[in-house]
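First up is the structure itself, then whatever we jot down about it.
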Amino acid sequence: MNEELYGEAIKDLAAREPVVLDGADASATLDNPLCGDRVTLDVRMEGGRVAAIGHRVKGCLLCKAAATLAAGTAPGLGAEGAARLLDQVSNMLKTGAEPALPALAAFIPVRPHKSRHACVLLPFKALAKVLAAPIP
Amino acid sequence: MSQTIREAFPALARPGFHYLDSAAMAQIPGLVSEAVTHHNRTARSNVRRGLHEMAQRADAAYDGARAAVGRFLGAPAEEVVFTAGCTLALNMAAWGLGRNLGPGDEVVVSRLEHHSACLPWMALAKERGFALRWLGVTPDGRLDLDSLGTVVTPRCKAVAVTHASNVTGAVSDLPRLAEAAHGVGAKLVVDGAQMVPHGRVDPRALGADLYAFAGHKAYGPTGIGVLWGRAEILDGMAPLVVGGGMVGTVEDGDFTWGEPPHRFEAGTPPVAQAVGLAAALNWMADLDWPAVRQQEAALAWHLLDGLRSMDGVRVIGPLGLEARVPVVSFTVAGCHPHDLSHLLAGRGVAVRGGAHCARPLMSALGLEEGTLRASLAPYSDRSDVDALLAGLAEAVKVLR
Ligand SMILES: Cc1ncc(COP(=O)(O)O)c(C=O)c1O
């Protein structure tokens, strides 16, 4: 029944309250127009790296869980690190690469479900996007 | 009865497969697929161009298909335009009626529309500078006809509405809409994509001026749609697409249009698909419709009843069977439609989750995450609905 997608680890991540960040230096919103998922990330930067992050998600459980994880992993990352993280998550889903962080293992069951990869990747794409843009 | 209908659909023979996504694309009877294959074997030639034997067979098949669609709609064949799909037909309608509108004119579209029905008018309004006025919806997902008097003004040149909603299943009161439109000299453009799969339609009797539908939702092939128009409307309408087969005369500096329906069929038309659509509509016309309607209504009731008794479920649309097709949308508190539809897919239950190309409706009803939609057809049976209800109860347990 595809229950394997909804293990405790993913459900725990999805259930966590999103962090609200006031006074962000930059924000990025990304949509998945096909399914309607929307992720918004707000970041405060210090020396080109994330000092604090907030996130808002309108989307499925997988997208919410991935957003919690992306936000949790973001502090300390710069543009390059965020791009690498996106590659790592993408490779883990698409080519079976080992999870780069232990917490990412929660998403291994999503591998065979190609139509859901976009749900997991959206928050990581948003993170790469917000850090790739020049910080005003 | 329903057993024989179901048996006509090879894709439904798989045990444990419950197809409740007919509003997105209906399944196709074996005899329709065979009609397309037979055409390609025996009459594959371009139409209205050749004199050889195959060409003559192709002409006869294509003309015959047009006549069959005409019979289904209670209309002369000349009022039937074949298109590549419903979306193209709706774009042709909008550009055909609206390309000369401008500031000071108004067009009414409803919040119940599929993007394919409202976006052509939105694009045209931007380009031509006329005003778009939105006809709202009631909380139970019907057109808000009480506001017709204020929304349709003497400046209105066209009213574009759906015959049946692809989200709520609500069936529009076309005669009342026609009266409002015609009362101010406006044309009524109707999207029949979700109505035609549930029985014969007579757009002229209902007051429509233009009426569009898709083949693949009406048990026919993909790549084919229909734009029906009153002869006098088509006569005065400009084509959206120009090219081979639609012209009168062509000279260096200018050309004239041919007569409808060919004026609207530039290029090689979807001949085999038209033949398939005709086979599908003929198949439909032969069904025992009182029995089919009763069966669809009983199943829709069973579904609505089952949903109502589930914790946290909200039906989006009419709760009764009056003026509705068996397309049922709902939300489940705390569960996203995509997670639910994926879990249901794992149990062989095919439904759709999302915004259903109907953002204006989602915004009007405050449905940010969209809905889950189960859509029935004459081949649906009780086991389909039971599998959905049982699967839903389990899916909710997995997610909560
Ligand atoms: C009400 C309605 N109108 C128009 C369309 C567009 O049809 P097509 O995609 O076949 O062009 C659809 C398809 O989902 C629909 O449900």
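It should be emphasised that the depicted structure is a prediction, and the values quoted were computed from it without experimental measurement.
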| query | Would you say B:Arg352 has more than 12 foreign heavy atoms packed within less than 6.0 Å of its CZ? | reply | no

| query | Looking only at heavy atoms, what is the nearest atom pair of B:His338 and A:Cys60, with distance? | reply | CB-CB, 4.3 Å

| task | With a 4.5 Å heavy-atom cut-off (strictly below), which parts of residues 79-86 of chain A touch chain B? List them by number. | result | none

| A:Glu3 side, atom CD; B:Glu394 side, atom CD - distance, nearest 0.5 Å | 7.5 Å

| Just how far is it from atom CG of A:Asn2 to atom CG of B:Leu344, taken to the nearest 0.5 Å? | 9.5 Å

| said: Does atom CZ (B:Arg142) have a neighbourhood of more than 12 heavy atoms from anything else shown, all under 6.0 Å? | reply: yes

| field | Residue pairs fulfilling salt bridge (Lys or Arg N to Asp or Glu O under 4.0 Å) with at least one residue in residues 303-318 of chain B, sequence neighbours excluded | value | B:Asp305-B:Arg308

Using a 3.5 Å cut-off and no angle test, enumerate the donor-acceptor pairs between side-chain atoms of residues 115-124 of chain A and protein atoms at least two apart in sequence or in another chain.
residue	atom	partner	partner atom	Å
A:Arg116	NH1	A:Tyr6	OH	3.1
A:Arg116	NH1	B:His342	ND1	2.8
A:Arg116	NH2	B:Asp339	OD1	2.7
A:His117	ND1	A:Lys94	NZ	3.4
A:His117	NE2	A:Val110	O	3.4
A:His117	NE2	A:Arg111	O	2.9

| query | Is chain A contacted by the side chain of B:Glu369, its backbone, both, or neither, given a heavy-atom distance below 4.5 Å? | reply | side chain

| Which atoms of B:Leu340 approach chain A - backbone, side chain, both or neither, heavy atom under 4.5 Å | neither

Hey, can you pull the donor-acceptor pairs under 3.5 Å for the side chains in residues 8-20 of chain A, sequence neighbours left out?
residue	atom	partner	partner atom	Å
A:Lys11	NZ	B:Val398	O	2.5
A:Lys11	NZ	B:Arg400	O	3.4

